[in-house]
Amino acid sequence: MAEKPMWEQIGAGFVQHYYQQFDSNRGLLADLYTEASCLTWEGQGFQGKNAIMEKLTNLPFQKIQHSITAQDHQPTPDSCVISMVVGQLKVDDDPVMGFHQLFLLKNIDNKWICSNDMFRLALHNFG
Amino acid sequence: IRMGDKPIWEQIGSSFVQHYYQLFDADRTQLGAIYIDASCLTWEGQQFQGKAAIVEKLSSLPFQKIAHSITAQDHQPTPDSCILSMVVGQLKADDDPIMGFHQMFLLKNINDAWVCTNDMFRLALHNFG
């Protein structure tokens with residue numbers, strides 16, 4: 001178990017926790033963000049823990065399930081961890097959709113919080 | 001053209017993204033200038049460290065022609081004054097079918113130039129199960 005680099009353990013731990021929490025009770029995600037956090041959700045920007053939580057809790061579905069296809073983690077020059085996730089999700093009775101998400105994690109007071117979060121559905125305009 | 005409305009990080013991020021894919025599609029062996037020795041690339045789960053290893057990987061990708069098409073891009077400033085950019089798009093390599101991809105870049109200003117310190121690329125392929 002000691003083979004994985006530290007940033008991979010931190011990133012994978014965060015990602016697992018995030019989606020488990022999102023799928024069971026996304027209102028409890030607040031602890032992962034601070035006042036300085038930014039979320040871009042399908043192109044819309046939200047600044048700070050309160051605005052982010054308001055957006056996430058108001059998403060218009062009852063049930064959601066995320067499935068991770070792949071995740072990658074890297075350390076950054078400023079001692080943060082960056083994590084990229086490609087996966088699929090199912091909301092209520094809608095068809096399964098692909099998604100992409102990115103997290104920048106920063107250690108503040110011995111706790112890894114999310115300073116930057118970007119989410120996009122994998123939808124393309126065929127043209 | 002009203003250029004003044006977009007935040008600076010969005011201008012820098014979208015400029016970088018445009019430049020990156022134009023260069024990639026025209027001659028990806030020239031991408032060295034955007035990386036430094038501390039840069040990391042994760043390409044389809046494989047890690048590459050430093051400008052030389054990254055350019056070697058990109059140059060030796062097994063296709064002749066490639067065209068990227070950006071569906072969406074998002075940019076944010078980070079707490080450490082970097083810029084984070086995420087791209088969702090499609091690509092076509094040689095005569096292969098079009099495939100979705102997902103890429104992210106972390107940009108850092110070093111000596112007045114924006115370089116890419118972190119780069120992650122994945123094809124949007126899922127195991128249906």
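Everything quoted here is computed from the prediction, not taken from an experiment. All chains are named by letter (A, B, ...) in the order of the sequence lines, taking the proteins before the strands, and each is independently numbered beginning at 1.
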Inset, instruction - Please report the closest heavy-atom contact between A:D78 and B:C82, naming both atoms and the distance. - result: OD2-SG, 3.5 Å
Inset, instruction - Tell me, out of A:D72, A:T76, A:V86, who's got the most heavy-atom pairs with chain B below 4.5 Å. - result: A:D72
Inset, instruction - Please look at B:L84 and chain A and tell me whether the side chain, the backbone, both or neither of the residue comes under 4.5 angstrom of a heavy atom of that chain. - result: both
Inset, instruction - With a 4.5 angstrom heavy-atom cut-off, could you sort out which part of B:S81 is near chain A: side chain, backbone, both or neither? - result: neither
Legend entry - Smallest separation among heavy atoms of B:M104 and A:L102, with atom names: SD-CD1, 3.4 Å
Inset, instruction - Determine the option with the most heavy-atom pairs under 4.5 angstrom with chain B, choosing from A:P77, A:S115, A:A70. - result: A:P77
Legend entry - Portion of B:Q103 that has a non-hydrogen atom of chain A nearer than 4.5 angstrom: backbone
Legend entry - Taking every non-hydrogen atom, the tightest pair across B:T71 and A:L123: CG2-O, 3.2 Å
Inset, instruction - Would you mind checking which part of B:Q73 comes under 4.5 Å of any heavy atom in chain A, side chain (CB onward), backbone (N, CA, C, O), both or neither? - result: backbone
Legend entry - When B:R122, B:E44, B:K108 are compared by non-hydrogen pairs under 4.5 Å with chain A, the top option: B:R122
Legend entry - Heavy-atom closest contact (B:Q47 atom, A:W7 atom, distance): NE2-NE1, 4.4 Å
Legend entry - Region of A:I68 that comes under 4.5 Å of a non-hydrogen atom in chain B: neither
Inset, instruction - Identify which part of A:Q44 has an atom lying under 4.5 Å from any heavy atom of chain B, answering side chain, backbone, both or neither. - result: neither
Inset, instruction - Answer yes or no: is there a donor N or O on one side and an acceptor on the other, between the side chain of A:Q74 and the main chain of B:M120, under 3.5 Å? - result: no
